[in-house]
Amino acid sequence: MNRTNDGIGGAHLGVNLLALRSHNTALVLDLLRTAGADGISRLELAERTGLTPQAVSKITARLREDGLAAEAGRRASTGGKPRTVLRLVPEAGHAVGVHLDRDEMRAVLVDLDGTVVARRQAPLDLGAGAEAVLARVAGVVAALRPEPAGAARSPLGVGVALPGPLDHGRGVLHRVTGFPEWDGFPLRDALAGRLGVPVVVDKDTNAAALGLAVGGEGGSFAYLHLGTGLGAGLVIGGSVHRGPRTGAGEFGHQVVQLDGPPCGCGDRGCVEALCLGAVARGDVREAARVLGAGAANLVGLLDIDRVLLGGRTVESAPETFIRGVQAVLDARARRTGDTAVPVRVASGGGLGVAEGAAQLVLAPMFGRGDA
């Protein structure tokens with residue numbers, strides 16, 4: 001669903017779209033979004049939301065006034081005059097999603113439909129210090145801002161996804177594995193002050209999982225991200241599971257080999273250390289087997305529907321990782337008598353985390369903040 005270009009249109013909006021997050025408005029916006037270009041009538045909106053026709057008329061009138069909705073033609077009625085149908089105006093607003101990896105930054109500008117309209121990719125040294133990283137992010141966000149009619153227009157907000165652990169609620173980093181100097185840094189507030197727009201911070205795995213759920217990945221699943229590190233995003237019953245301290249998903253630091261090789265977290269025998277060690281030796285099959293052992297632990301604990309794989313290391317040998325992880329899960333299913341949990345590569349490719357980061361901003365507008 002990518003549409004990349006250099007010029008981004010759309011009328012200037014003199015309204016803070018993030019202030020439209022009332023429950024009823026979110027319900028209507030979500031139905032307008034899912035209806036697509038064909039649109040949906042006010043009567044259908046009332047029927048599907050349970051709102052009165054009068055309430056729907058007030059909400060849609062306000063959305064049209066703010067440029068978020070527009071007429072999409074008329075539809076034949078079973079009786080009386082044809083019904084006017086409405087559609088979402090995707091270009092009415094944009095959000096930026098930024099994926100900060102240990103050595104690289106990927107960023108996207110997406111419209112209200114979640115369609116990528118511009119992207120950037122650049123080297124990054126996460127250990128270069130806060131000032132250098134903030135300046136790098138600010139430069140990329142400025143380059144991605146839509147500029148209709150030559151007048152710069154700010155995005156609705158910026159979602160930032162990076163390795164954890166971190167406090168999603170406060171936007172404060174903890175001891176990022178391998179980069180202890182970030183411990184306690186208020187990334188959300190520091191970036192918001194520099195950019196002048198709302199900022200949401202979350203783990204890379206949670207952002208990717210949110211993007212997948214919003215994009216239609218239903219049920220309960222685990223997204224396992226193997227790149228420069230290893231983590232998991234968990235969606236349980238359709239909602240991202242972060243835990244009461246937003247620390248869920250530190251999948252890479254489960255110990256599976258006592259007295260194993262040291263890990264950057266300070267422990268030994270972690271799945272991450274074993275996986276990355278095997279990759280460094282060129283033994284991708286062993287890395288996939290170890291990843292499968294960790295995935296089997298998750299399946300046994302959470303009874304999830306499927307396992308999705310992503311990250312640069314997986315992208316370099318996707319079939320090997322699918323076969324290796326699936327083999328371990330199949331063996332577990334034979335022992336337990338359960339149906340084997342399927343494994344596949346997550347959609348979105350290399351931009352999956354960045355697109356999910358943009359959804360940290362957009363999804364709450366459509367009532368899907370924990371999608």
Side-chain angles (χ1 to χ4, degrees), residues 1 3 8-97 109-117 145-146 148-149 151 153-159 197-198 200 210-211 213-216 218 238-239 355 358-371:
M1 190 161 87
R3 183 181 73 246
I8 298 151
H12 175 77
L13 296 178
V15 61
N16 178 4
L17 298 186
L18 295 181
L20 294 172
R21 289 180 178 175
S22 78
H23 175 67
N24 291 344
T25 301
L27 290 176
V28 172
L29 276 171
D30 192 44
L31 288 172
L32 288 170
R33 181 180 60 85
T34 55
D38 291 338
I40 185 170
S41 71
R42 292 177 181 83
L43 180 59
E44 290 172 299
L45 287 170
E47 291 172 345
R48 296 177 64 177
T49 60
L51 299 172
T52 65
Q54 293 82 359
V56 168
S57 291
K58 288 181 179 179
I59 292 171
T60 54
R62 187 168 65 248
L63 293 177
R64 290 186 64 187
E65 180 181 345
D66 291 333
L68 290 168
E71 287 191 7
R74 294 180 179 275
R75 183 177 300 160
S77 174
T78 54
K81 63 181 182 180
R83 298 173 186 166
T84 300
V85 294
L86 301 172
R87 64 173 180 85
L88 182 71
V89 179
E91 63 272 19
H94 297 82
V96 174
L109 182 75
V110 306
D111 65 17
L112 295 181
D113 263 340
T115 301
V116 175
V117 296
R145 289 192 181 201
R153 176 161 58 92
S154 296
L156 305 177
V158 176
V197 297
V200 186
L210 174 63
V214 169
S239 297
E355 291 186 45
Q359 287 299 332
L360 293 170
V361 175
L362 293 182
M365 286 182 60
F366 300 96
R368 305 196 57 171
D370 294 319

Exercise. Which pair of heavy atoms, one from V197 and one from S154, lies closest together, and at what distance?
Worked result: CG1-CB, 3.8 Å
Exercise. Once you round to the nearest 0.5 Å, how far does CD1 of I59 lie from CG of L45?
Worked result: 9.0 Å
Seminar exercise, completed: Quick note, salt bridge (Lys or Arg N to Asp or Glu O under 4.0 Å) partners involving residues 22-50, not counting sequence neighbours, are D30-R33, E44-R75
Problem set entry | Spacing of CG belonging to L210 relative to CG belonging to L362, to within rounding of 0.5 Å | 10.0 Å
Problem set entry | Closest heavy-atom pair and its distance - A358, A95 | O-CB, 4.0 Å
Problem set entry | Atom pair OG/CZ of S57 and R62 - distance to nearest 0.5 Å | 12.0 Å
Seminar exercise, completed: By side chain to side chain contact (heavy atoms under 4.5 Å, CB included), A35 pairs with (sequence neighbours left out) I40
Exercise. Quick one: CD on E355 to OG1 on T115, what's the gap to the nearest 0.5 Å?
Worked result: 9.0 Å
Problem set entry | Step-by-step side-chain contact (heavy atoms from CB on, under 4.5 Å) determination, R87 to L32 | CA-CA 5 Å; R87 64 173 180 85; L32 288 170; 5.7 Å; no
Exercise. Should E91 and V117 be marked as a side-chain contact (heavy atoms from CB on, under 4.5 Å) after you check the CA-CA gap, both sets of side-chain angles, and the distance that decides it?
Worked result: CA-CA 10 Å; E91 63 272 19; V117 296; over 6 Å; no
Exercise. What are the two closest non-hydrogen atoms of V361 and G159, and how far apart are they?
Worked result: CG2-N, 3.6 Å
Exercise. How close do V214 and A363 get, heavy atom to heavy atom, and via which atoms?
Worked result: CG2-CB, 4.1 Å
Exercise. Of the non-hydrogen atoms in G367 and A26, which two are nearest, and what is the gap between them?
Worked result: N-CB, 3.5 Å
For this session: Would you check if L112 and L29 make a side-chain contact, meaning some heavy-atom pair closer than 4.5 Å?
Result: no
Seminar exercise, completed: When rounded to the nearest 0.5 Å, the distance separating NE2 of H94 from CG of L156 is 9.0 Å
Problem set entry | Derivation of the side-chain contact (heavy atoms from CB on, under 4.5 Å) call for N24 and T49 | CA-CA 8 Å; N24 291 344; T49 60; over 6 Å; no
Exercise. Taking all atoms of both residues into account, what is the closest heavy-atom pair of L51 and A55, and its distance?
Worked result: CB-CB, 4.3 Å
For this session: Please report the C-alpha distance between L68 and V89 in whole Å, then the side-chain angles of each, then the deciding distance to 0.1 Å, and finally whether the side-chain contact (heavy atoms from CB on, under 4.5 Å) criterion is met.
Result: CA-CA 5 Å; L68 290 168; V89 179; 5.8 Å; no
Exercise. What is the distance from atom OG1 of T84 to atom CZ of R74, rounded to the nearest 0.5 Å?
Worked result: 3.5 Å
